[in-house]
Amino acid sequence: MDALDIVEEGPYRYRIEPRGGMRVPGVVFASRELLQDAGKSLDQVANVATLPGIVGASYAMPDIHWGYGFPIGGVAATAVDHGGVVSPGGVGFDISCGVRLLAADQTQQELAPALDEVMDGLGQVIPRGAGPGAVWRLSGRGELERVLDGGSRYAVEQGHGEPGDLERCEDGGAVPDADVEQVSGRAMERGLGQVGSLGSGNHFLEVQRVAEVYDEAVAAAFGLSPGQVCVMIHCGSRGLGHQVCSDHVRVMNRVMAQYGIDVPDRQLACAPVESPEGRAYLGAMAAAANYGRANRQLLAEAARRIFRRSTGARLSLVYDVSHNLAKIETHQVDGEPQRLCVHRKGATLALPPGDPSLPGDLRDVGQPVLIPGTMGTESYVLTGVVGGGAFHSTCHGAGRVMSRHAAARTVGGRELRSRLEAEGVAVRSSSWRGLAEETPEAYKDVSSVVEVSEGAGLCRGVARLTPLGVVKG
DNA sequence: ATGTTC
């Protein structure tokens, strides 16, 4: 492919000029340095711009990196009523992967004497690593179906949570219109034994402290103050979500030609939103998303029990938000409201102050946007801004820059654990190899990703969190 | 990310 024609459009904003089959331009929010890191994934931004019905631009967040079909850090919206498509690759394999943050009624100093006990407790009760493992033993397929339909809402109804939790969950804890019939038997099998488990890779549960507050009023509305202890959970929909993606990519690849759709990469398999295959995927995706939300709800409950037992502290939910999802939303396009299918893959919803879908106590300040760092590095809490580009989306974290293999060559797991412990971060991992693959050097600097996201006008900083202890898959 | 290659 010839080199793309990239123009610097404004501060931290680059435009990829349309050419070939591109229906819209590409827009990449990045610094010069992060743009360099993007490399070949910019070709993926250009490929996404060819999708039928795409409106505005094919967007990329500052943490863009190579993904399946779509780049990770990609945002694309298609016009539902004008032949717009939905693409499983635009959501990713880990459907509804996201972040949940809880705030303790406790400071770091208060926790300090009990930190080891808390970490040991978390290390014992948090299932993690590849394969089965679950906090919640489901009674069978019937109950799994209720999880797929009701997400965190069903978990809370069953006693796994506090009533106030759902106010602080995106979509009130459950994506509507889940269609259990579109989730295959194999996906169900994989899902039965994994509700309430971290998984592996960059998924983690961290005990953190609020190291710095950038906006006191907004932080207070979120329930955050300096020195406070927090728990951050980063995980997704495990094998069930992965299987749903695989199943529906296969179907769409088979039928795409019947809809006259031609894409430059088979990994961009898609179908019109208003087609049997498009609706089937969205129904299955919603079910997998609800599984991911229930997963985080159950892990939060496990953490609450450990904190209550070891220190008496209570954990309140700050927010739970996905960074891998497609949603049907209404946005202004050329001055007219239009129904759009907004794909966010490695990009976080960032609703601005005033958005009607926010709960009352957050209406004036905007949605908490949760950005996980890499093991041993800081994480961020941001909020949405009025007029934010890219359909109210921002970054999702630090992108990987080193392969798992390369990362594991630079450091051993035991050595890395010693290093982190020396830096004051307690580590409870399940595999030395897995730990080494997640060494911080393998990732971009999350601080610069957040700085550029703010500079590009996508979000606003609220607080910085630093790790006290990490539980890793 | 993923019963880390149906």
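Sequence lines set the chain letters: A, B, ... in the order given, protein chains first and strands last, and positions in each chain run from 1.
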Just how far, in rounded Å, is [atom2] of [N] from [atom1] of [X]?
X: Phe93(A); N: dT5(B); atom1: CZ; atom2: C1'; answer: 13 Å
X: His405(A); N: dT4(B); atom1: NE2; atom2: P; answer: 18 Å
X: Glu437(A); N: dT4(B); atom1: CD; atom2: P; answer: 13 Å
X: Asp247(A); N: dT2(B); atom1: CG; atom2: P; answer: 16 Å
X: His203(A); N: dT2(B); atom1: NE2; atom2: P; answer: 6 Å
X: Arg250(A); N: dT2(B); atom1: CZ; atom2: C1'; answer: 14 Å
X: Glu438(A); N: dT2(B); atom1: CD; atom2: P; answer: 11 Å
X: Lys472(A); N: dT4(B); atom1: NZ; atom2: P; answer: 19 Å

4.5 Å side-chain heavy-atom contact, Trp136(A) and Glu301(A): no
Tell me what [X] touches on the nucleic acid: a base, only sugar-phosphate, or nothing, going by heavy atoms under 4.0 Å.
X: Glu189(A); answer: nothing
X: Gly239(A); answer: sugar-phosphate
X: Arg400(A); answer: nothing

For the residue pair Ser152(A) and Arg296(A), confirm or rule out a side-chain donor-acceptor distance under 3.5 Å. no
So, Asp120(A) and Gln124(A): side-chain donor and acceptor under 3.5 Å apart, yes or no? no
Taking for each residue the nucleotide of DNA chain B with the nearest heavy atom, is it Asp94(A) or Ala130(A) whose nucleotide lies nearer the 5' end? Asp94(A)
For salt bridge (charged side-chain N to carboxylate O under 4.0 Å, His left out), just list the numbers for Arg404(A) and Glu438(A), CA-CA rounded to whole Å, side-chain angles, deciding distance to a tenth of an Å, and then say yes or no. CA-CA 7 Å; Arg404(A) 293 181 189 287; Glu438(A) 295 302 312; 3.2 Å; yes
Who are the ring pair (Phe, Tyr, Trp, His ring centres under 6.0 Å) partners of Phe93(A), not counting sequence neighbours? Tyr68(A), His242(A)
Side-chain N or O of Arg404(A) less than 4.0 angstrom from OP1 or OP2 on dT4(B)? no
Using a cut-off of less than 4.0 Å, is there contact between a side-chain N or O of Ser200(A) and OP1 or OP2 of dT2(B)? yes
